[in-house]
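Nothing here was measured: the structure is a model prediction, and the numbers come from that model. Remember, it's 1-based here, ligands and their atoms both numbered in the order they're listed.
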Amino acid sequence: TFLDAAINNDVDLEGFGACEGTLSCSTCHIIFKKEDFDKLPEKPSDEEMDMLDLAYGLCDTSRLGCQIT
Ligand code: FES
């Protein structure tokens with residue numbers, strides 16, 4: 001996932017991915033550019049949508065980084 005890639009590459013994003021991908025935080029919230037968002041392979045699951053609703057600054061091109069493969 002995007003979260004795995006960030007961790008594996010030692011990307012220092014303070015507080016990012018606090019729940020380690022168990023869909024219980026929303027700290028992995030990412031806002032994509034529209035053109036990039038449209039290229040993502042899969043649509044968000046209902047569980048991801050529920051957690052996204054709690055994300056700060058939610059917008060139409062928001063996703064959770066731990067759910068993007
Ligand atoms: Fe917690 Fe993605 S890391 S929801």
Side-chain angles (χ1 to χ4, degrees):
T1 65
F2 189 95
L3 176 62
D4 294 326
I7 292 169
N8 292 339
N9 290 289
D10 287 330
V11 179
D12 186 15
L13 299 168
E14 181 85 29
F16 187 86
C19 78
E20 300 178 345
T22 58
L23 264 181
S24 53
C25 68
S26 83
T27 60
C28 61
H29 178 207
I30 298 170
I31 298 174
F32 287 91
K33 285 193 239 167
K34 177 82 172 102
E35 61 263 36
D36 295 329
F37 182 83
D38 290 341
K39 289 181 199 152
L40 295 173
E42 76 283 339
K43 298 294 168 219
S45 65
D46 288 346
E47 291 80 10
E48 181 180 349
M49 292 299 279
D50 287 348
M51 191 51 61
L52 266 174
D53 281 341
L54 305 176
Y56 178 77
L58 178 67
C59 71
D60 287 347
T61 57
S62 291
R63 291 293 306 268
L64 292 179
C66 68
Q67 302 302 304
I68 299 168
T69 52

note = Residues pairing under salt bridge (charged side-chain N to carboxylate O under 4.0 Å, His left out) where one sits in residues 43-60, two or more places apart or in two chains, turn out to be Glu48-Arg63
Pairs where residues 6-34 contributes a residue and the test salt bridge (charged side-chain N to carboxylate O under 4.0 Å, His left out) is met, not counting sequence neighbours = Lys34-Asp38
remark   = Report for atom 1 (Fe) of ligand 1, protein N, O or S closer than 2.8 Å, by chain and number, lists Cys19 SG, Cys25 SG
ask   = Quick check: does any side chain N or O of His29 sit under 3.5 Å from a backbone N or O of Tyr56, one acting as donor and the other as acceptor?
value = yes
query = When the ring planes of Phe2 and Phe32 are compared, do they come out parallel, tilted or perpendicular, using 30° and 60° as the limits?
reply = perpendicular
query = Is the backbone N or O of Ala18 less than 3.5 Å from a side-chain atom of Thr27, with the two atoms forming a donor-acceptor pair by type?
reply = yes
ask   = Is Ile31 isolated, or which residues cluster with it under the ILVMFWY side-chain rule of less than 4.5 Å, directly or via members?
value = none
